[in-house]
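The sequence lines fix the lettering, A, B, ..., with proteins before strands; numbering per chain opens at 1.
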Protein chains: 2
Amino acid sequence: MKGSNLGEFEELVMLAIGVLYPDAYGVAIKDEIIARAGRSVTLSAVHASLHRLEEKGFLQSEFGEASQKRGGKRKKNFYITAFGAKTLEEVKSLREQMWGDIGKVALQGN
Amino acid sequence: MKGSNLGEFEELVMLAIGVLYPDAYGVAIKDEIIARAGRSVTLSAVHASLHRLEEKGFLQSEFGEASQKRGGKRKKNFYITAFGAKTLEEVKSLREQMWGDIGKVALQGN
DNA sequence: ACATAAAATTCTACTTTGTAGATAAAACAC
DNA sequence: GTGTTTTATCTACAAAGTAGAATTTTATGT
């Protein structure tokens, strides 16, 4: 009974899009996540995620103009929808509340 | 090449354990998440997650004492390990940084 | 124009997480 | 013992995460 939830990586992708706005496309998103999270990410992982996020209505996309660079396909730029922003803020708020209710001792495990 | 990452639901479970410390066991965790996130959660979903989190070293567990004049199996109480706490704080910090770099406009999509 | 290289997206296949429902175990009351 | 309550475990499948290969589109050199 789900498909309305935001996976861990999906959330990272959304945040990267927010940071890169309005120039968020596959490669840039991949590089942004690698730089920020310091973890290896493949382009196909990002694209699979982007596709699912768009299907769920969290994102929207449009092809950009042909660039002045060496060659290559047109970039597909992604934007966060109002629904996506709302969802993103909800999970943020939930975590903040929970963190606020966590005592120091709870994190001192061995 | 992974098994060292924290899934979306897994993170929620960890936070709930932090909040409930030192009385975090299956049922209580399930109820805490339902109350906080307002989403339906089954006990088996929580236990599957707990099991995986323990395997990954994020959690530790021990069976509680019996005889609280109650009935039922002994509770299995979960605690966050130092490694788990570190991981939890890392993802928190990463998201905070990204949120800090997101412009207002980026979230005003249609 | 044609061949080649570059930049990007899409496809295919597999692993790990997420989810639900059914089953089993342990403690209590009688 | 039998039955009831509370909890954990098992089985099976769907969704999200991941990697590598293949494909498409655009630009440049000749």
Whole angstroms only, please: what is the [atom1]-[atom2] distance between [X] and [N]?
X       : N      : atom1 : atom2 : answer
A:Phe63 : D:dT25 : CZ    : C1'   : 10 Å
A:Lys30 : D:dG17 : NZ    : P     : 18 Å
A:Phe9  : C:dG18 : CZ    : C1'   : 18 Å
B:Ile34 : C:dA20 : CD1   : P     : 10 Å
A:Asn77 : C:dA8  : CG    : P     : 11 Å
A:Lys75 : D:dT26 : NZ    : P     : 14 Å
B:Asn5  : C:dT17 : CG    : C1'   : 11 Å
A:Asp31 : C:dT9  : CG    : P     : 11 Å

Shortest side-chain distance from [X], nucleotide among [options]:
X       : options                : value
A:Lys56 : D:dA16, C:dT9, C:dT10  : D:dA16
A:Tyr25 : C:dC11, C:dT9, D:dA8   : C:dT9
B:Glu10 : C:dT10, D:dT18, C:dT17 : C:dT17
A:Val27 : C:dA8, D:dA19, C:dT19  : C:dA8
A:Arg52 : C:dT19, D:dT18, D:dT9  : D:dT18

Under-4.0 Å side-chain N/O to phosphate OP1/OP2 contact, B:His47 with D:dA8: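 Yes, within the criterion.
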
Within the pair B:Arg74 and D:dT7, is there a side-chain N or O less than 4.0 Å away from OP1 or OP2?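 B:Arg74 to D:dT7 OP1/OP2: no side-chain N or O under 4.0 Å.
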
More 5' along DNA chain D: A:Glu8 or B:Lys76, using each one's nearest nucleotide?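 Looking at the nearest nucleotide for each, B:Lys76 comes out on the 5' side.
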
DNA chain D: A:Lys73 or A:Val41, which has the more 5' nearest nucleotide?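 This one resolves to A:Val41.
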
Can you work out whether B:Leu6 or A:Leu43 has the more 5'-proximal nearest nucleotide on DNA chain C?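 Looking at the nearest nucleotide for each, A:Leu43 comes out on the 5' side.
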
Backbone N or O of B:Lys76 within a donor-acceptor pair of the B:Ser61 side chain at under 3.5 Å?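 Pair absent, no side-chain N/O of B:Ser61 close to backbone of B:Lys76.
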
Under 3.5 Å, side chain of B:Glu10 to main-chain N/O of B:Gly7, donor-acceptor pair present?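 Yes, because the side chain of B:Glu10 sits within donor-acceptor range (under 3.5 Å) of the backbone of B:Gly7.
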
Using 4.0 Å as the upper bound for N to carboxylate O, is an ion pair formed by B:Arg95 and B:Glu90?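 No, this pair does not count.
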
B:Arg36/A:Asp101 ion pair, N-O < 4.0 Å: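 A salt bridge is present here (some side-chain N lies under 4.0 Å from a carboxylate O).
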
Test item: B:Val105 and A:Tyr21 side chains (from C-beta on) under 4.5 Å apart, heavy atoms: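 Heavy-atom side-chain distance check passes, below 4.5 Å.
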
